[in-house]
Engineer: 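Pasting a structure here, questions to come.
Start at 1 and go down the list; that is how both ligands and their atoms are numbered. For the numbers below, each heavy atom of this structure counts, side chains included, while hydrogens, waters and symmetry mates do not.
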Amino acid sequence: MKSLTKQIIFGLALLIVFCIQDIQAQNLMTNVFGRHILSLNGKWSAMVDQYNQGYKMALYQNKKPQGKTDFFEYSFDGALQLNVPSDWNSQLPELKYYEGTIWYGRHFEGNVDNEKRQFLYFGAVSYRCRIFLNGKEIGSHEGGFTPFQIEITDKVKTGDNFIAVEVNNTRSKDAIPAMSFDWWNYGGITRDVMLVSTPNVYIREYSIQLDKYKPEKINAQVVLSDKKPNSNIGIEIPELNIKLKLRTDENGIASTSFTAKKIKRWSPDSPTLYTAIISSVSDRIEEKIGFRNLYVKGTNIYLNDKPIFLKCVSFHEEIPQRKGRAYSEADAAMLLTEAKALGCNMIRLAHYPQNEYTVRLAEKMGFILWQEIPIWQGIDFTDASTLIKAKSMLAEMITRDKNRCAVGFWGIANETQPSVERNKFLTTLLQTGKSMDTTRLFVAAFDLVRFNRDKKIFEMNDSFAAQLDVVAVNKYMGWYQPWPLDPKDAKWNVTPNKPLIISEFGGEALYGQSGDETVASSWSEDYQAKLYKDNITMFANIPNLRGVSPWILFDFRSPFRMHPANQEGWNRKGLVSDQGIRKKAWYIMHDYYLKIK
Ligand code: GCU
């Protein structure tokens with residue numbers, strides 16, 4: 001087939017399927033926690049479906065034998081009980097490595113009310129799923145780290161209802177992430193499940209954010225469901241004496257900009273949040289919202305008109321002591337408290353959008369956030385369906401967190417290699433992101449910094465980097481790359497006219513293991529500590545360095561990490577061990593951050 005025809009088909013495929021995906025993402029309601037919700041968390045019945053027979057058997061119909069000759073080779077009654085939310089890997093030893101399908105099922109009491117609309121809302125399901133209500137398929141989702149909702153207004157019954165969820169976490173070439181990634185492949189209904197009810201015409205979306213540059217100008221937009229036109233909308237921020245009356249246009253949208261005097265702008269040192277109340281004729285939602293300015297000027301990143309140095313750290317969405325996914329407010333508190341103790345003002349939520357408890361608590365505690373979708377290393381940039389998924393994940397992440405002033409950065413890629421296809425893919429992704437959010441900075445992490453032996457300088461050559469607001473590099477000097485010169489003589493010339501963040505650096509150490517600080521294979525705390533000291537020495541010579549982020553706060557689980565003594569399935573680059581104990585390098589990093597004002 002001629003290449004032109006192929007390109008036309010490719011473009012059409014992209015357009016059609018993306019529109020569907022995009023509508024799905026765009027319909028995601030803002031601030032589910034501010035609505036009338038009934039939690040469906042708790043013990044769900046579950047069946048392991050290793051050969052994917054369940055869908056063919058229609059086990060989601062949850063049939064029971066009627067006569068003497070009936071029988072079914074499944075039953076949710078008497079089945080395995082799994083906690084929701086939680087990954088399945090950490091719930092049973094037999095499921096530690098399980099990659100495949102597990103069916104979840106539970107009953108819930110429904111109540112049909114003509115004055116209400118009802119939705120099933122999932123915080124996340126890893127990695128793909130199909131949803132069934134009372135024996136009928138009602139929806140599906142792909143992507144293990146973003147929320148989705150399905151309207152069940154005309155499907156739910158008064159009285160007993162049965163929901164079944166087919167969950168599959170098998171890796172695939174066209175997935176995001178794809179076939180291999182340096183974290184555990186947790187499967188399951190890993191975040192909250194809620195039954196949400198709203199008025200028939202409800203406030204579907206809203207955004208209330210300080211203008212990117214103007215310290216007293218607030219931009220607001222409220223979207224009513226069903227594009228309800230000419231309808232009254234109220235926006236109140238009582239502490240700022242704001243009480244506005246708006247009307248929706250022919251698309252059901254009410255937009256406005258207004259000034260507010262004496263706003264105490266949000267910052268890590270003073271994470272001020274205001275109560276915002278959004279109302280319509282039949283709906284009312286409240287939440288805490290912060291106001292801050294964040295922009296780039298030259299090689300500086302400005303927060304509230306002052307240059308800021310980002311004292312960052314990464315963590316995975318995992319509680320190492322439990323060997324499982326983090327999913328609760330208590331989990332968020334544990335991870336964030338350790339980051340606060342380290343002296344951080346920013347968190348890179350690696351390598352995927354993390355749960356809303358973590359994002360909201362980080363905002364309350366005063367952390368700037370880098371959130372990213374898991375475009376991690378080996379993604380198939382030639383596959384049209386992969387680009388559609390990436391756009392959908394990005395749209396879902398932005399739609400969920402666009403009112404979180406703590407979110408300063410949207411990350412669109414990690415360690416992708418330059419190619420025509422990759423550049424086209426990421427350029428399209430960047431355009432999608434910028435079309436949805438003009439107030440935050442777009443970033444990507446590269447592992448392309450090389451030491452030029454002739455010029456004796458570190459440099460990077462990647463044409464795509466110029467499109468980003470901020471460039472980030474992962475550079476493991478002293479671990480994956482031995483020092484080619486004394487760290488104090490290390491000079492960098494990487495994207496010199498943009499702000500640069502070192503988004504990953506570090507090395508492994510088994511907590512409690514001492515050894516020669518010059519021998520990497522000692523896997524010792526002494527070696528890791530020396531490595532941190534050497535990197536901190538090098539940082540002083542990077543002229544446009546505006547932030548650093550050690551990889552990583554806690555040891556974390558990974559199938560990559562197979563050394564029988566030093567790793568045992570754990571990546572040991574944590575500053576804190578899997579038992580929550582700080583290593584020597586933690587104190588070196590803490591002192592470094594303490595000295596930065
Ligand atoms: C990469 C990658 C991380 C990974 C780390 C490591 O930079 O971004 O996800 O865990 O290196 O090798 O430990």
Engineer: Can you tell me the protein heavy atom closest to atom 2 (C) of ligand 1 and the distance?
Structural biologist: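 Of every protein heavy atom, Glu504 OE1, 3.4 Å lies nearest to atom 2 (C) of ligand 1.
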
Engineer: Starting from atom 13 (O) of ligand 1, what is the nearest protein heavy atom, named by residue and atom, and what distance separates them?
Structural biologist: Lys573 NZ, 2.7 Å

Engineer: Are any of the N/O atoms on Gln377, whether in the backbone or the side chain, positioned under 3.5 angstrom from an N/O atom of ligand 1?
Structural biologist: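 No, no N or O pair falls under 3.5 Å.
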
Engineer: Name the closest protein heavy atom to atom 10 (O) of ligand 1, giving the residue it belongs to and the distance to 0.1 Å.
Structural biologist: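 Its nearest protein heavy-atom neighbour is Asp182 OD2, 2.5 Å.
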
Engineer: Quick check on Phe560 - does any of its heavy atoms sit under 4.0 Å from an atom of ligand 1?
Structural biologist: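 Per 4.0 Å heavy-atom rule, Phe560 does not contact ligand 1.
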
Engineer: Evaluate the ring planes of Trp551 and His316, with Trp represented by its six-membered ring, and classify them as parallel (under 30°), tilted (30 to 60°) or perpendicular (over 60°).
Structural biologist: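 Taking His316 first and then Trp551, their aromatic rings stand perpendicular (interplane angle over 60°).
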
Engineer: Less than 4.0 angstrom from a charged side-chain N to a carboxylate O is my criterion; do Lys455 and Glu459 meet it?
Structural biologist: yes

Engineer: So which heavy atom in the protein is nearest atom 9 (O) of ligand 1, and how far is it from that ligand atom?
Structural biologist: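 Of the protein heavy atoms, His351 NE2, 2.6 Å lies nearest.
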
Engineer: Less than 6.0 angstrom separating the ring centers of Trp492 and Phe539, yes or no?
Structural biologist: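 Distance test on ring centres: not under 6.0 Å, no.
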
Engineer: I need the nearest protein heavy-atom contact for atom 7 (O) of ligand 1: residue, atom name and distance, please.
Structural biologist: Glu415 OE2, 2.4 Å

Engineer: Taking the non-hydrogen atoms of Arg561, is any one of them nearer than 4.0 angstrom to ligand 1?
Structural biologist: yes

Engineer: Do the rings of Tyr98 and Trp88 sit parallel, tilted or perpendicular, given the 30° and 60° boundaries?
Structural biologist: tilted

Engineer: Report the relative orientation of the aromatic rings in Phe451 and Phe458; use parallel for angles under 30°, tilted for 30 to 60°, perpendicular for over 60°.
Structural biologist: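 Aromatic pair Phe451/Phe458 classed tilted.
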
Engineer: Could you tell me whether His563 and Trp523 have their ring centroids closer than 6.0 angstrom?
Structural biologist: yes

Engineer: So which atom in Thr170 and which in Glu99 form the shortest heavy-atom distance, rounded to 0.1 Å?
Structural biologist: CA-CG, 3.6 Å

Engineer: Need the ligand 1 atom indices (1-based, order shown) with element for anything under 4.0 Å from a heavy-atom of Phe556.
Structural biologist: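 Taking each heavy atom of Phe556 in turn, ligand 1 has 10 (O) under 4.0 Å.
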
Engineer: Does even one non-hydrogen atom of Asp447 get within less than 4.0 Å of ligand 1?
Structural biologist: no

Engineer: May I ask which of Phe181, Phe505, Tyr476, Trp376 has a heavy atom nearer to atom 5 (C) of ligand 1 than the others do?
Structural biologist: Tyr476

Engineer: Can you tell which part of Asn414 has a heavy atom less than 4.0 Å from ligand 1: side chain, backbone, both or neither?
Structural biologist: side chain

Engineer: For atom 12 (O) of ligand 1, what is the nearest protein heavy atom, given as residue, atom name and distance?
Structural biologist: Tyr480 OH, 2.5 Å

Engineer: Using a strict cut-off of 4.0 Å, indicate which atoms of ligand 1 neighbour a heavy atom of Asn571.
Structural biologist: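 Once the distances to Asn571 are compared, the set is 6 (C), 10 (O), 13 (O).
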
Engineer: Is the Phe425 ring parallel, tilted or perpendicular to the Phe381 ring (thresholds 30°, 60°)?
Structural biologist: perpendicular

Engineer: Whether Lys573 engages the ring of Tyr476 as a cation-pi pair (distance to the six-membered ring centre under 6.0 angstrom, angle to the ring normal within 45°) should be assessed.
Structural biologist: yes

